[in-house]
Amino acid sequence: MRFVDEYRDADKARALAARIAALCEPGRTYKFMEVCGGHTHTIYKHGLEDHLPPAVTLVHGPGCPVCVIPMGRVDDAISIAERPGVIMTSFGDMMRVPGGRGTFLDAMARGADIRMVYSPLDALKIARENPDKKVVFLAIGFETTAPSTAMTVLRAKSEGIANFSVFCNHVTIIPAIKAILDSPDLRLDGFIGPGHVSTVIGCRPYAFIARDYGKPLVVAGFEPLDVLQSVYQNLVQLAEGRVAVENQYARVVPWDGNPKALAVINEVMEPRPHFEWRGLGFISDSALRVREAYAAFDAERIFQIPGGRVADPQACQCGEVLKGVLKPWECKVFGTACTPETPIGTCMVSSEGACAAYYNFGRFSRDRVKEATRT
């Protein structure tokens, strides 16, 4: 297949769904976690759950980088932004993420200079054009976006742009998956592996999932047939009594990842000893910080930040949603007090958030449409 429409063919989806149903053992249920928020949106935008037999359940994982940022880090970013002579820059997703002191939009209303950018290079351009200001880029994302942040730091150094820095909140996917596997709250049969992250890190880092935990993982693309195919491949492994890492998204993901991207991350950044994830708590070696050699571009070293922890609102159950313990509609405030217009938690803010996916595509209950009864 060469074109997007071919990956959205309804007849092929029904045929694949029939093969999935045929693989399900009578009386057995299956639970697979789609790690990436992009997969969650594909599942609910295209109604993929309606194609799956009742025995197969898909749950959401911590693969939305905006969603896993704890409120304390948002407050740290606001504390930097509100200092005199600072221009804070950020991707649009972060503008409405709530912290203990409100959102970036609230800080802007109080007078902070916070600007939305589409790339860290946009932030570098602002620094170049405003030499009398300190320009900070709020860097978020998994290994997918870390290379662009690292390359921007290298360019800032090569061009001698001393008023540019990054507030690094990049996180890494492997420790988070391990934390999920070690959690007593959830029992999984397999994983739909993240496609975007895997373009950088490849498939080899997931080997421990099959080796140490006996679970299959299939790296998947983001079209409807990609996701259904990954469910099918997981079920084939279970039916054959084997577990392995497989690459359904081979048209994009190299098995060994992107060595150049990994090298530039390693040049500029190093693992943090620990980092707090919303819903998962502190996870060792699960985030990146700027190396000492590039300290001049590290906002955490340039500015004194509070670094405090802030508890999530009691009504918000984003943590349970991120761990796959709850479906979004099971949260007490989903669709009532918490909507995309008035979000309480990050899962309703981000374009990759599970709650936003459920809300935007009308999934307000557990009921599935019976695909077989459609005419």
Side-chain angles (χ1 to χ4, degrees), residues 28-40 43 55-65 67-70 142-144 170-198 200-220 227 230-231 233-249 253 255 257 271-288 317-328 330 347 352-354:
R28 180 176 177 180
T29 59
Y30 302 85
K31 184 177 289 187
F32 301 112
M33 173 176 281
E34 81 269 6
V35 177
C36 183
H39 288 141
T40 303
I43 290 164
V56 177
T57 301
L58 303 180
V59 297
H60 327 295
C64 165
C67 303
V68 301
I69 295 296
F142 287 94
E143 291 94 336
T144 317
H170 285 297
V171 289
T172 55
I173 194 64
I174 297 300
I177 294 177
K178 187 176 187 304
I180 291 289
L181 286 164
D182 289 336
S183 171
D185 298 331
L186 192 62
R187 291 291 179 264
L188 298 170
D189 293 286
F191 290 88
I192 300 172
H196 294 146
V197 168
S198 301
V200 176
I201 68 172
C203 300
R204 292 189 188 279
Y206 304 117
F208 78 98
I209 297 172
R211 183 188 65 243
D212 300 337
Y213 292 90
K215 309 291 183 185
L217 179 143
V218 180
V219 174
V227 176
S230 69
V231 173
Q233 289 181 229
N234 268 295
L235 285 168
V236 167
Q237 289 193 46
L238 294 174
E240 294 177 351
R242 63 184 178 88
V243 292
V245 176
E246 295 180 347
N247 185 10
Q248 185 275 337
Y249 204 23
V253 174
W255 188 261
R272 294 177 183 268
H274 56 267
F275 189 79
E276 183 184 4
W277 290 56
R278 186 179 295 238
L280 297 177
F282 283 92
I283 304 176
S284 300
D285 300 321
S286 65
L288 301 172
Q317 294 179 283
C318 272
E320 287 79 5
V321 172
L322 288 168
K323 290 189 291 185
V325 175
L326 292 182
K327 291 280 192 177
E330 294 177 303
C347 296
E352 292 190 9

Atom [atom1] in [X], atom [atom2] in [Y]: separation rounded to 0.5 Å?
X	Y	atom1	atom2	answer
T57	K31	OG1	NZ	6.5 Å
S230	N247	OG	CG	11.5 Å
I192	M33	CD1	CE	10.5 Å
H170	R272	NE2	CZ	10.5 Å
I177	S286	CD1	OG	12.5 Å
S198	W255	OG	CH2	10.0 Å

Non-hydrogen side-chain atoms of [X] and [Y] separated by less than 4.5 Å:
X	Y	value
L280	L322	no
I201	Y206	yes
I174	F208	yes
I180	K323	yes
K327	H60	yes
K215	L238	no
E246	Q237	yes
T172	E143	yes

Considering non-hydrogen atoms only, spot the tightest contact between [X] and [Y] and give its length.
X	Y	value
E34	T40	OE2-OG1, 2.9 Å
P271	D285	CB-OD1, 4.2 Å
C67	C347	SG-CA, 3.8 Å

Do [X] side-chain atoms and [Y] backbone N/O form a donor-acceptor pair below 3.5 Å?
X	Y	result
H39	G63	no
R278	I69	yes
N234	F32	no

Walk me through it: do D189 and R28 pass the test salt bridge (charged side-chain N to carboxylate O under 4.0 Å, His left out)? CA-CA 11 Å; D189 293 286; R28 180 176 177 180; 3.6 Å; yes
Give me the ring orientation class for W277 and F142: parallel if the planes are under 30° apart, tilted from 30 to 60°, perpendicular past 60°. tilted
